[in-house]
Amino acid sequence: MRVDIISIFPEYFSPLDLSLIGKARATGLLDLAVHDLRTWTHDVHRTVDDTPYGGGPGMVMRPEPWGEALDAILPAGPPARLVVPTPAGQPLRQALAHELAAESHLVFGCGRYEGIDQRVLDDAATRARVTEVSLGDYVLFGGEVAVLVILEAVTRLLPGVLGNADSLAEESHAHGLLEGPVYTKPPVWRDRGVPEILRSGDHGRIARWRRDEALLRTARRRPDMLATLSPMSWTNGTSRR
Ligand SMILES: Nc1nc2cc(Br)ccc2s1
């Protein structure tokens, strides 16, 4: 997968040399480049923002630098997917992460201030699929932190990035449920034991216990998720009730 990131703070993305994303880059699973939006400014102050038409507080990101940057980065060939984090975007959920992980080329645009001039997105939509994404109902200083989150959620889904792809199958949101509690050694810690079933070796009963715990946790913490649950998720072939 090819990923391009456009930002006025490219140094925000130094962490992308670390951990599994760094390894994905080193092994060629991820081809990532970070671009400074000011590269495409031509004034001495390298200006990227201006006052909003219609008045109001704050500043808006000027269209000219963005237009030139996207001209340089969006390919003439097979269309890339332009992802722009914004509080006004569609919610990032695991389904969207899977959708983005299937793309061959992602371009991330990091807005700042009150946002990017709308004409930039409208112009980009003539040559790329544009997706505005929200991480939740809160406002950040800019899109950079959101891109780090989205990129991690997407990259970990790429074949070969996670050592054991099996972990993707049972994690939270994999089947529309939250993952239940997990335990490891020692068998007793500060007088707290481990549910006996997990040490029984009965894999069928263990799978049913884990499904039940996931359903209970989801019902307690995210009852909204139960409303959209498919019947298969209740059993997922593990319970012969
Ligand atoms: N939750 C989010 N807040 C923001 C703020 C700016 Br400015 C740009 C993108 C995002 S995504």
Side-chain angles (χ1 to χ4, degrees), residues 1 3-16 21 30 32-41 43 45-74 80-101 103 105-125 127-157 172-173 178 221-222 224-225:
M1 177 185 280
V3 172
D4 289 284
I5 302 172
I6 307 168
S7 167
I8 60 171
F9 293 114
E11 57 274 21
Y12 249 95
F13 299 99
S14 311
L16 295 180
I21 290 187
L30 181 65
L32 184 140
V34 182
H35 310 272
D36 183 344
L37 178 67
R38 295 187 197 275
T39 303
W40 291 278
T41 60
D43 62 303
H45 298 297
R46 312 188 80 194
T47 311
V48 293
D49 63 327
D50 205 335
T51 54
Y53 273 124
M59 302 289 273
V60 173
M61 299 194 94
R62 296 171 51 233
E64 298 93 331
W66 277 105
E68 290 185 32
L70 292 171
D71 288 348
I73 292 166
L74 287 179
R81 184 94 174 248
L82 175 60
V83 179
V84 180
T86 168
Q90 72 179 81
L92 175 67
R93 294 208 167 86
Q94 196 67 1
L96 179 56
H98 277 285
E99 194 182 308
L100 297 178
E103 296 284 351
H105 186 188
L106 294 177
V107 178
F108 288 96
C110 299
R112 283 262 148 180
Y113 314 111
E114 299 304 315
I116 302 170
D117 186 300
Q118 182 59 41
R119 291 169 293 181
V120 172
L121 304 181
D122 297 342
D123 175 63
R127 52 221 165 104
R129 191 167 165 202
V130 180
T131 304
E132 296 182 63
V133 179
S134 164
L135 295 190
D137 296 338
Y138 48 83
V139 183
L140 302 170
F141 283 122
E144 285 80 7
V145 168
V147 167
L148 286 170
V149 170
I150 298 165
L151 194 52
E152 181 153 322
V154 170
T155 305
R156 65 191 297 280
L157 299 176
S172 287
H173 303 284
L178 301 182
R221 297 181 181 178
R222 290 291 306 276
D224 59 295
M225 287 175 65

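Quick caveat: nothing in here was measured; it's all calculated off a predicted structure. Counting starts at 1 for both ligands and their atoms, following the listed order. Residue indices begin at 1 and follow the sequence shown.
Within a 6.0 Å sphere centred on CD of Glu64, other residues, nucleotides and ligands contribute more than 12 heavy atoms. Enclosure of atom CZ in Phe141 is not indicated, since only 12 or fewer non-hydrogen atoms of other residues, nucleotides or ligands lie within 6.0 angstrom.
Pairing each heavy atom of Pro65 with each of Thr41, the nearest pair is CG-CG2, 3.9 Å. Residue Pro85 comes nearest to Val147 through the heavy atom pair CG-CG2, 3.6 Å, listed as atom of the first residue, atom of the second, then distance.
Interface of Gly111 with ligand 1, defined as ligand atoms under 4.0 Å from a residue heavy atom, comprises 8 (C). Annotation for ligand 1: atoms under 4.0 Å from non-hydrogen atoms of Val139 are 3 (N). Residue Thr86 has at least one heavy-atom neighbour below 4.0 Å for each of these atoms of ligand 1: 9 (C), 10 (C), 11 (S).
For atom 3 (N) of ligand 1, the choice among Leu140, Val145, Leu135 with the nearest heavy atom turns out to be Leu140. Closest heavy-atom approach to atom 1 (N) of ligand 1 within the set Phe141, Tyr113, Tyr138: this belongs to Tyr138.
Panel note: side chain Ser7, backbone Phe9; a donor-acceptor pair is recorded below 3.5 Å. Ser14 places a side-chain N or O within donor-acceptor distance of the main-chain N or O of Glu11, the cut-off being under 3.5 Å.
In this structure, atom 10 (C) of ligand 1 lies nearest to the protein heavy atom Pro87 CD, 3.6 Å. Of the protein's heavy atoms, Gly142 CA, 3.5 Å lies nearest to atom 6 (C) of ligand 1. Scanning all protein heavy atoms for the shortest distance to atom 9 (C) of ligand 1 gives Pro85 O, 3.2 Å.
Side-chain atoms of Thr131 and Arg81 form a donor-acceptor pair, as typed in the model, at a separation below 3.5 Å.
The part of Arg112 lying near ligand 1 is the backbone, judged by heavy-atom distances below 4.0 Å.
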